[in-house]
Amino acid sequence: MPDSYPDVEPRRCDDCCTDVSEARVKHCQTCGWCMEGFDHHCRYLNVCVGGRTYPAWYTFVLLLFLLVVMCAVGCVQVLNEPFRHNLHEEYPTVFYVLLGTAAVASVIESLFLLALLAQHSYFCLAGITTLEYIKDQAPPFPSLPPRGWREAISQGECHNCHGLIQLSEAADADEVLYCSVCQGDLAKAAVNFWQCDVCDNSAVCPICYRAATSSATVTTYRASAMKRRSQALMGILDTSRHGGGSSKNRTPSIHSRLSSFSGEQREVRMGRKSVGAVVAAVEGHAGESRPSFVSGCCGRREEESETESSSEGG
């Protein structure tokens, strides 16, 4: 564990058996490895963007934007002076169709690239990643388990504010809700979890709840694995511990959660369709530096089937 992270402990990726000791490391389901400083997975280049690759990707988009703008300006100039070109003299219809189509396409592409550059320029200035923006999570995300969380959770307290934690459940699979310890997607896994009744900004999955009584390394599972393991654990966990109660007396899900950025109450978002969601769909976030810290034990792991999409860009 680096000395620069004294307040957190490492976690482990179940997919590629990688020991993660830095924040913003996310497993890319498309590429099949964990990436440092993950921002998004670019479906057009079929590469993960983030960390050391982000400046190169931003420069590439900027140069591509300038190239498309030059094409658009050139097409407009040619259309303004058609008689200087032999193609107009011989095939005027073909001339206008070709140049007109190229001009329109160049303008549309330049507007798209300009919007993309503006969006990522904002991300750079705000110090956030595309994944954090899409998932509405405070940076850094995915984070590392905070030190002292085991003692707090084992005593039935929130590791952030020391309020009581109670058993709850996600209102909908589209709700933005992650385990604050392992960073697993609780809503997509559709599992019950323990949540603080004070800060409403801390949620603990059954796997981490059980791991609080041991010294085992925190492991991040994909939604299907988390669901299967959590269902098995819920059958043996004493849910009456720490005020959880039986399955018939579970605390109902809280329908208004705290925004990670503003700290203000917000409504649960069901199927969000916003500019951020559009950016996520365009950039292809499902997924998610590289082999330098990927372990070779992947082959020993049983393959799991699950269709996951992103903006999580894993």
Side-chain angles (χ1 to χ4, degrees), residues 22-26 28-31 35-79 99-143 174 176 178 258-264 266-267 269-290 308-314:
E22 296 184 12
R24 285 177 171 167
V25 175
K26 187 180 187 304
C28 176
Q29 301 296 340
T30 304
C31 298
M35 180 176 185
E36 301 175 15
F38 178 83
D39 186 85
H40 70 277
H41 180 89
C42 180
R43 64 175 63 176
Y44 304 109
L45 301 178
N46 194 29
V47 295
C48 285
V49 177
R52 290 172 293 181
T53 65
Y54 188 84
W57 176 84
Y58 187 91
T59 304
F60 168 76
V61 175
L62 177 61
L63 295 177
L64 185 60
F65 167 72
L66 296 177
L67 177 61
V68 173
V69 170
M70 292 174 62
C71 291
V73 173
C75 290
V76 172
Q77 289 180 345
V78 171
L79 289 173
L99 271 298
T101 302
V104 172
S106 298
V107 170
I108 295 176
E109 291 174 1
S110 62
L111 292 176
F112 166 75
L113 292 172
L114 178 61
L116 186 61
L117 285 171
Q119 185 82 2
H120 279 272
S121 297
Y122 163 73
F123 292 159
C124 292
L125 294 175
I128 61 176
T129 64
T130 305
L131 182 67
E132 292 164 353
Y133 177 79
I134 297 301
K135 299 300 184 181
D136 191 22
Q137 298 295 306
F141 175 80
S143 61
D174 292 331
V176 180
Y178 290 87
L258 290 176
S259 170
S260 300
F261 290 118
S262 63
E264 300 175 354
R266 60 174 170 83
E267 294 299 322
R269 297 176 301 182
M270 310 297 184
R272 176 184 179 186
K273 299 296 182 182
S274 64
V275 175
V278 173
V279 172
V282 168
E283 293 177 349
H285 299 256
E288 322 189 39
S289 256
R290 179 161 176 155
E308 292 186 351
S309 60
S310 122
S311 161
E312 192 228 38

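Basis for what follows: all heavy atoms, side chains included, without hydrogens, waters or symmetry-related copies. A quick note: this is a predicted structure, and the numbers were derived from the prediction, not measured.
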R24/E132 under side-chain contact (heavy atoms from CB on, under 4.5 Å): CA gap, chis, key distance, verdict: CA-CA 9 Å; R24 285 177 171 167; E132 292 164 353; 2.7 Å; yes

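- Side-chain contact between V47 and H41: absent, with no pair of heavy atoms (C-beta onward) separated by less than 4.5 Å.
- The aromatic rings of Y178 and F141 sit perpendicular, their planes meeting at an angle over 60°, well past the 30° parallel limit.
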Verify side-chain contact (heavy atoms from CB on, under 4.5 Å) between M35 and T53, making sure each step is shown before the conclusion. CA-CA 10 Å; M35 180 176 185; T53 65; 3.3 Å; yes

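- Remark: Q137 CD to L131 CG distance equals 8.5 Å, nearest 0.5 Å.
- How far OG1 of T59 is from OH of Y54: 10.5 Å, rounded to the nearest 0.5 Å.
- Between Y133 and Y122, the ring-plane angle classifies as perpendicular under the 30° and 60° cut-offs.
- Note: F38 CZ to T129 OG1 = 8.5 Å, rounded to the nearest 0.5 Å.
- Between the SG atom of C124 and the CD atom of Q119 there is a distance of 11.0 Å, given to the nearest 0.5 Å.
- For the residue pair P140 and S143, the shortest heavy atom distance occurs at O-CB, 3.3 Å.
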Is there a side-chain contact (heavy atoms from CB on, under 4.5 Å) between V68 and F112? Walk through the geometry before answering. CA-CA 11 Å; V68 173; F112 166 75; over 6 Å; no

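- The backbone N or O of T130 lies less than 3.5 Å from a partner atom in the side chain of D39, making a donor-acceptor pair.
- With rounding to the nearest 0.5 angstrom, the CG atom of L67 is 11.0 Å from the OG atom of S110.
- Going from atom CG of L114 over to atom CG of L62 covers 10.5 Å, rounded to the nearest 0.5 Å.
- Relative ring orientation between H120 and F123 is described as perpendicular, the plane-to-plane angle rising above 60° on a 0-90° scale split at 30° and 60°.
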